Amino acid sequence: MLEQKIQIASSAVTQSTPHLPRVRPRRTRRTENLRALVRETELNARDFVYPLFIVHGSNVREEITSMPGVYHISPDVLPREIEEISELGIPAVLLFGLPAYKDEFGSEDYDDHGIVQEAIRVCKRVDPETIVMTDVCMCQYTSHGHCGIVRNGAIDNDETLKYLGMTAVSHAAAGADIVAPSAMMDGQVGAIRAALDAQGFTDTAILAYAAKFASSFYGPFREAADSPPQFGDRRQYQMDTANARDALREVALDVEEGADMVMVKPALAYLDIIRRVRDAYDLPLAAYNVSGEYSMVKAAAHNGWLDEQKVTLEILTAVKRAGADVILTYHAKDAVRWLKQVER
Ligand code: PBG
């Protein structure tokens, strides 16, 4: 009975379809080799930057509760980390520091013996080839947790520029290859370029956090970096999450001020911004797959709801497909290992 019905149905299709599909996209999806042959976007270890959180002390390697698999490490543990990263073929790290003390002016931020400055020297001693990037901002260092100097309850843009310049110079002096201003102060790229050049650091590059949105996806990071604002939020300086044209304007300004590379942050919920910046500019483009994007995947995988490996590679591929040349991600080390497994 059933067979008969199928026969009737299939003959009806042949009769009523004068032409079979001539074009069949499925032909190149048939086997893994065919799929690989026509694949448009491929992730590579060289695409990634791995962020690190450095704390004072010795022999510290403590997992960050809100970011499973990410650790607070002390400078003496850093060599092992750098060796692992370089063996995996990841070309760069991004350093964040947790200072010993915080004050109104974020003094440790630009202290030549601050935690980040010490960490930079360790990285460069262990492996001069691994690119050292540093986040240039004040929120981890200030007692009020804002990204700049506070005057009368508000963040003083122009006063902050001097501090950001000093911080960038001290990072460059310690050996940083690339400084990445993330405070979202107007004119920060120009001020940092001028400060670096005035001290002879003309070869230190600037990766501008150009389109940085006031995102709730930074939640887990603020625990990792102990940097939540003690009053208000960051919407007076970070971008409104609803704005795309504003992002292009921010990028234009940073390019004009001398940025060598620009960044869109976060990544996953901002793929349209990545694409628009890619289409409009020729500069290398970075995207920051931020803490919340990482921890969401971790939590779902922990519950058995998502396949961490597959979802992560899918997300990172999407970010690259959208137009990012460089992806900053806490999944960098895992991703490289998983890519190697897939290759085999
Ligand atoms: C510093 C800074 C932040 C992040 C990178 N640099 C936090 C913030 O702006 O509040 C977030 C990174 C992440 O969530 O992974 N300003």
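One-based numbering, in listed order, for ligands and for the atoms of each. Not measured: the values here are computed from a predicted model.
In this structure, Glu84 pairs ionically with Lys333, as a charged nitrogen and a carboxylate oxygen lie closer than 4.0 Å.
In Arg26, the CZ atom is not crowded: 12 or fewer heavy atoms of neighbouring residues, nucleotides or ligands sit closer than 6.0 Å. Under a cut-off of 6.0 angstrom, the local environment of CD in Glu129 is sparse, with at most 12 non-hydrogen atoms contributed by other residues, nucleotides or ligands. The neighbour count for Glu314 CD, taken as heavy atoms of other residues, nucleotides or ligands under 6.0 Å away, does not exceed 12.
At a 4.0 Å heavy-atom cut-off, ligand 1 touches Val290 through backbone and side chain alike. Of the heavy atoms in Cys139, only side-chain atoms (C-beta onward) come closer than 4.0 Å to ligand 1.
Any N or O atom pair closer than 3.5 Å counts here, and Arg234 shares at least one such pair with ligand 1. Not a single N or O atom of Ser227, backbone or side chain, sits closer than 3.5 Å to an N or O atom of ligand 1.
The main-chain N or O of Phe231 is found under 3.5 Å from a side-chain atom of His146 such that the two form a donor-acceptor pair.
Annotation: Phe221 is in aromatic contact with Phe53 [ring centroid separation under 6.0 Å]. Checked against the 6.0 Å centroid threshold, His331 and Phe48 do not count as a close aromatic pair. Under the 6.0 Å cut-off for aromatic ring centres, Tyr270 and Phe213 qualify, their centroids lying closer than that.
Among protein heavy atoms, atom 14 (O) of ligand 1 sits closest to Ser291 OG, 2.7 Å. Here the protein heavy atom with the shortest distance to atom 12 (C) of ligand 1 is Phe221 CD1, 3.4 Å. Counting protein heavy atoms only, atom 10 (O) of ligand 1 is closest to Arg222 NH2, 2.6 Å. Here the protein heavy atom with the shortest distance to atom 6 (N) of ligand 1 is Asp135 OD1, 3.2 Å.
Residue pairs meeting the side chain to side chain donor-acceptor pair (under 3.5 Å) criterion with at least one partner in residues 151-165, sequence neighbours excluded, are Glu159-Lys162.
Short contacts between ligand 1 and Tyr288, defined as distances under 4.0 Å to a heavy atom of the residue, involve ligand atoms 12 (C), 15 (O). Interface of Lys212 with ligand 1, defined as ligand atoms under 4.0 Å from a residue heavy atom, comprises 1 (C), 2 (C), 3 (C), 6 (N), 8 (C), 9 (O), 16 (N). Heavy-atom contacts of Phe96 reach the following atoms of ligand 1: 5 (C), 6 (N) (cutoff under 4.0 Å). Each of the following atoms of ligand 1 lies closer than 4.0 Å to a heavy atom of Tyr330: 12 (C), 13 (C), 15 (O). In summary, the atoms of ligand 1 found under 4.0 Å from a heavy atom of Lys265, numbered by their order in the structure, are 2 (C), 3 (C), 4 (C), 5 (C), 6 (N), 11 (C), 12 (C).
The shortest heavy-atom distance from Glu293 to ligand 1 is not under 4.0 Å. At a 4.0 Å cut-off, not a single heavy atom of Met184 sits close enough to ligand 1 to count as contact. At a 4.0 Å cut-off, not a single heavy atom of Tyr294 sits close enough to ligand 1 to count as contact.
Applying side chain to side chain contact (heavy atoms under 4.5 Å, CB included) to Asn289 and the options Ile315, Val297, Leu328 leaves one that passes, Ile315.
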